[in-house]
Each structure stands twice: as structure tokens, then as C-alpha cells.
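Right, one structure below, let's go through it.
Just so it is clear: chains get the letters A, B, ... in the order the sequence lines come, proteins before strands, and each one is counted from 1. This one's a predicted model, so the numbers in the text were calculated from it and none came from an experiment.
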Amino acid sequence: MAHFPKPVEGSWTEHFPELGTAPVNYEDSISPDYYELEKAAIFKQTWLNVGRIEQLPRVGSYFTKELDCVDTSIIIVRDRSTVRAFHNMCRHRGNKLVWQDYPGEEVKGTCRQFTCKYHGWRYGLDGELNFVQQESEFFDLDKADYPLVSVHCETWEGFIFVNFAAEPAETLLDFLGEVATGLSGYPFGEMTQTIGYRAIVGANWKLFNDAFSEFYHAPVLHQNQAVASESVKLQQFGFEALHYDLFGDSGHGVVSTWGGMSPPKDLEMVKPIERILRSGLFGPWEQPPGVDLSELPPGLNPARHRAWGADTFQVFPNYVILVWERGWYLTYHYWPLAYDKHLFEGRLYFAPPRNATDRMRQELAAVTFKEYALQDGNTLEATQRSLKSRAVTEFPLCDQEILPRNLHKTVADRIRAHQAENETVVSVAT
Amino acid sequence: MSSRMLPEEFADLERFAEQWSLATERQRYTARLASSMPELQELYDAAVPRMADALAYLDQFELDDLPEDARNLMRLFFSVVNASFPVEAWKQPRVPDSGAAYLDLVDEPVI
Ligand code: FES
Ligand SMILES: [Fe+2]
């Protein structure tokens with residue numbers, strides 16, 4: 001039955017024995033209390049991606065992020081050669097420092113300093129308090145004592161991460177581990193033509209992560225996106241990945257999938273618009289000419305399969321980097337807003353188009369991405385509703401659903417470890 | 001005709017320009033949802049055979065310096081790409097079962 005070889009244990013899942021093969025309990029997606037535990041044990045402890053360096057093209061370029069999962073808003077800013085992050089909060093009386101019109105909305109721009117809208121205190125790009133309105137009215141105020149509260153911020157290959165722990169347990173590079181060693185050197189920085197989407201989804205954040213980290217659903221849920229004859233074949237074949245890997249207990253993992261549609265072996269396999277434009281879900285059929293993809297970093301195409309199409313790297317807890325064989329990539333963020341609601345952000349990164357043809361091909365890839373994501377997104381709200389009934393609480397996940405299994409397990413492990421740590425602290429204190 | 005939106009070579013598509021030469025994906029997607037299948041089919045049938053001509057025409061220019069009528073042509077064909085999904089895949093303007101789901105394009109290239 002298997003078209004692609006599996007590990008000697010007989011399955012990908014059993015290759016990682018600590019995962020188990022038992023049905024998975026989804027109480028973790030329908031409990032408000034559990035969400036609070038996730039915030040404390042995971043989101044407030046680990047590195048979180050907040051964007052890419054291209055979003056900060058100049059000294060003074062900044063953007064804000066509203067992060068419900070850590071109960072704060074932050075400013076990310078470029079100060080000369082460093083990227084810095086601060087809590088978006090004025091030291092005087094706590095006004096939100098950078099915002100426009102609606103305090104809950106994210107903003108971006110370029111500035112020389114940050115000026116509070118309330119009483120005009122000013123902060124430099126390094127976070128130092130530089131100006132206090134009517135400074136002599138204050139009592140023993142030393143400006144040096146009132147900088148913006150900084151947030152740990154590190155970058156890897158242009159990806160910007162922040163960490164809200166008082167002292168992060170590990171550096172960003174150690175945190176990324178095999179994701180970093182596997183992808184370092186990929187020309188991410190050359191893919192500067194971006195298209196970004198966002199949606200508020202009425203489902204737990206892990207459910208979208210689950211949906212985009214398994215392709216078992218693809219031949220069924222997305223069947224109408226293929227031409228009819230092809231869709232029948234795809235369903236009979238089902239989905240099998242070329243390769244899976246999980247990186248220790250980091251929670252990170254990768255699923256490597258086949259391509260074959262860009263270009264397809266037989267043009268009749270794809271829709272007319274794809275034939276005409278030579279592009280589709282897998283991206284433009286020709287690799288971008290200006291970008292050197294002759295030598296890929298070691299983490300890509302881990303099975304070294306000639307039919308390789310894309311690798312989806314899950315970066316725990318809520319970030320995904322998806323690299324396509326055709327030379328472009330995608331990122332996803334799943335930002336929790338409540339136990340049953342999250343903000344999904346998807347972004348496509350292409351090499352800059354040379355002309356209208358390149359641009360139109362990228363547009364087809366982008367529109368196709370959106371059509372798929374809409375199918376995935378609506379399924380999630382339906383799942384959330386039925387999970388809430390608790391009529392069924394445990395669900396059998398198959399071998400192709402190893403990444404969802406790993407995500408739920410890692411979340412549970414982290415919460416357990418965090419609780420154990422806190423209990424120790426409490427018992428020492430009493 | 002002074003009010004034409006598209007280059008003369010594409011006079012056959014001029015009747016679609018006002019409705020479909022739209023600047024943003026949000027506008028194009030909204031126009032798609034507001035259209036009937038016969039309308040989408042008509043656009044598709046008329047424009048898809050002209051895609052290759054349109055791209056050959058547009059490729060003469062720098063992408064970031066398109067004359068206005070060329071930019072309208074580009075945007076018209078962005079709409080054609082969008083409308084191809086109802087016509088080729090869904091048989092309805094909306095993605096099936098997408099109900100209230102939405103995905104807002106919040107950041108797109110100028111052209
Ligand atoms: S709260 Fe910012 S200056 Fe007063
Ligand atoms: Fe999907």
C-alpha cells in the first residue's frame with residue numbers, strides 16, 4: 001500500500017516512540033482554563049516569531065504586534081544595525097505608546113523617536129527616555145531610570161523572534177535547533193515580494209496548525225481544486241508524505257511532500273488557467289532566474305526524493321515556514337485570541353517579479369492559496385463547534401497526522417513541566 | 001473614444017474594464033462574490049483566450065512604470081485569475097462551504 005518507504009518501525013509515528021499511537025484528547029482545544037495554562041507555560045516562555053527583517057527596511061522603521069497570548073502589545077524597531085523590541089507602553093502613566101485611531105490595531109511606519117500621545121514623553125529607538133514635558137514638575141526624576149521596557153529579541157536568517165521570559169531558557173539558535181541548521185543559507189532574503197493575509201478564525205489556534213500540518217485531508221477537502229479525472233486518482237491514492245521528522249522534544253517538526261504539479265507531467269492534469277499561466281498551488285512552474293537554488297540547505301528535501309515539492313517546517317508553538325521546491329516560501333502564524341478564537345496570518349514570499357508575466361503567475365499562486373485556505377478555515381469553525389459538545393472527546397490520528405499529534409503532546413508536556421516547576425517553587429515557599 | 005480604460009489593442013475587453021479593472025484584491029474578490037455565474041463565465045470566456053496577448057503587451061513595460069491603460073489591463077487580468085476559480089472549479093462564485101470564513105488580503109504589491 002505504501003508508495004513511499006516508512007521507517008523500519010513500520011510507521012513514522014512509531015519511529016518516535018514517546019508519541020504513542022493512542023487516540024488524542026482534544027479537551028486542550030475547548031477549555032478556557034487550558035488556554036490560560038498555555039499562555040503561562042508556553043507563550044510567555046518561548047521564542048515567538050513576529051515577522052521578517054524586510055518589514056524594517058530603514059533605521060527607525062517599526063511595527064507593532066498585538067499579542068493577546070502574552071497579554072501585551074510590543075513595538076519592534078530597527079535601531080541602526082540592531083532590531084529591538086519593547087513593550088508598547090509609556091513609562092509615565094501607562095498609555096499605549098504607538099498606535100493610530102484604534103488602540104487595538106497594529107500599526108507600522110518610520111520615525112526618529114516615539115512620542116507619547118498623552119503628555120508628550122519621548123523615547124529614542126534604543127528605548128531611552130529622552131524628553132519629559134515640564135520635567136521640573138517631577139520629583140527626583142532621573143530619565144535614565146525610565147526607559148521603555150525591553151523584550152528579548154533575536155533574529156535568525158532575517159526572521160525576528162521575541163521572548164517574554166525574564167531570562168529565556170535558551171538562545172534563539174538553540175531553540176530553533178535543527179530547523180536552523182536545516183534551513184540556514186536558504187535565500188529567504190531575496191524573496192522580497194510579499195503578499196499577506198489575515199483572518200480571525202472561530203477555532204482554537206491548534207486546530208489550524210493541525211489543518212496545515214497534515215495533508216491527509218487534501219485529496220478530499222480540496223478535491224474540486226483538481227480537474228475531475230485527477231481528483232479521482234488523488235483520492236484513490238490518498239496522501240502519503242515523502243518524509244517526516246520531529247526534532248527532539250522541541251515541538252518543531254517537518255513534513256516533506258511531493259510536487260509533480262509544477263510543471264505537471266501531463267498538462268491535462270491541471271486547470272486551464274494553470275496551463276495558460278504556467279503556475280498554480282505549487283507556485284510558478286519556472287524557478288525565479290535571479291535566485292541561486294542550485295545548492296539547497298541540508299534540511300530541505302530530507303528524503304532526497306526527485307518528486308520533492310515542498311517542506312513544511314513547524315516551529316513550536318505557532319509558526320510555520322513552508323519552502324516550495326520552485327523557489328518561494330510561505331509563513332503562517334496562529335495567534336490565539338481566546339480558547340476558541342485565533343488570528344491566522346499567512347504570507348507569501350516571492351522573488352521580485354521581472355515583468356507582468358512573473359507577477360500574474362505569482363497572483364495565480366496567491367489566489368490559489370487563498371481558495372485552499374478558505375476551505376481549510378471554515379472546516380475549523382465546524383470542528384470547534386462539534387468539539388465543544390464533548391459528545392466525543394478522543395480522536396484516532398493516523399500516521400499522516402503525526403505533526404498534529406506531536407503538537408498536542410508537546411503542549412501538554414510543557415504545561416505539565418511548568419506546573420511541576422511552579423509546585424516546587426510553591427512548596428519551597430510554604 | 002476618450003474615456004477608454006484599456007489599450008486600443010484590447011478594445012474587445014473594454015466592456016469589462018469598468019467592472020473588473022480594480023486596484024485591490026479585496027475589490028476583485030468582492031466583485032466576484034457579487035456576480036452571477038453567467039457574468040463570471042462571460043468575463044472568463046472573453047478574456048482567457050486573450051491572456052497571452054495581454055501579457056506579451058504588458059511585458060514591454062517596466063512593471064513599476066505601467067502606463068495607466070496598461071495598468072488597467074493588468075488589473076482586469078488579476079480579476080480574470082480570480083474569476084477562474086468559480087468557473088473552473090466551484091460552479092459558484094464563493095468557495096463551497098466557506099460560509100462566513102474570510103481571508104483578508106492586508107498587504108499586497110502596488111501592482
Ligand atoms: S502616559 Fe505617556 S506621557 Fe503621560
Ligand atoms: Fe488544506
* To do: Taking all heavy atoms of B:Y44 and all of A:P272, pick out the closest pair and write down the distance.
  => OH-CB, 3.6 Å
* **Residue-level interface, residues 82-98 of chain B with chain A, non-hydrogen cut-off under 4.5 Å** => B:N82, B:S84, B:F85, B:E88, B:A89, B:W90, B:V95, B:D97, B:S98
* Asked: Given that the side chain runs from C-beta out, which part of A:F369 has a heavy atom under 4.5 Å from chain B: side chain, backbone, both or neither?
  -> side chain
* Asked: With a 4.5 angstrom heavy-atom cut-off, which part of B:F61 approaches chain A: side chain, backbone, both or neither?
  -> neither
* **Part of B:Q60 within contact of chain A (heavy atom distance under 4.5 Å)** => neither
* To do: Check each atom of B:L63 against the heavy atoms of chain A and say whether the ones under 4.5 Å are side chain, backbone, both or neither.
  => side chain
* Structure fact -> Honestly, the part of B:I111 sitting under 4.5 Å from a heavy atom of chain A is backbone
* Heavy-atom distance under 4.5 Å to chain B: side chain of A:L277, backbone, both or neither? -> side chain
* Asked: Should B:R75 and A:E363 count as an ion pair when the cut-off is N to O under 4.0 Å?
  -> no
* To do: Report, as yes or no, whether the 6.0 Å neighbourhood of atom CD on A:E105 holds more than 12 heavy atoms from other residues, nucleotides or ligands.
  => yes
* Asked: Given that the side chain runs from C-beta out, which part of A:E371 has a heavy atom under 4.5 Å from chain B: side chain, backbone, both or neither?
  -> both
* Does CD belonging to B:E18 count more than 12 external heavy atoms closer than 6.0 Å? -> no
* Asked: Which pairs, with at least one residue in residues 48-57 of chain B and sequence neighbours excluded, count as a side-chain hydrogen bond (donor to acceptor under 3.5 Å, both in side chains)?
  -> B:D12-B:R50, B:R50-B:D53
* To do: Heavy atoms only, distances under 4.5 angstrom: which of A:I273, A:T368, A:I195 has the most pairs with chain B? Name it, please.
  => A:I273
* Asked: OG1 of A:T357 to CE of B:M51: how many Å apart, nearest 0.5 Å?
  -> 9.5 Å
* Structure fact -> So the side-chain hydrogen bond (donor to acceptor under 3.5 Å, both in side chains) pairs with at least one residue in residues 327-350 of chain A (sequence neighbours excluded) are A:N49-A:H333, A:R52-A:Y329, A:K65-A:E345, A:T194-A:R347, A:T331-A:Y349, A:W335-A:E345, A:D340-A:K388, A:R347-B:D107
* Structure fact -> Minimal heavy-atom distance between B:L103 and A:K370, with the atoms involved, is O-NZ, 2.9 Å
* **Shortest non-hydrogen contact between A:A356 and B:D59, atoms and distance** => N-OD1, 3.1 Å
* Select all residues of residues 203-234 of chain A having any heavy atom within less than 4.5 Å of some heavy atom of chain B, and report them by number, or 'none'. => A:N224, A:Q225
* Is there a donor-acceptor pair under 3.5 Å between the side chain of B:Y102 and the backbone N or O of A:R198? -> no
* **Separation between OH of A:Y197 and CD of B:E25, rounded to the nearest 0.5 Å** => 5.5 Å
* A:I276 versus B:V48: any side-chain heavy-atom pair under 4.5 Å? -> yes
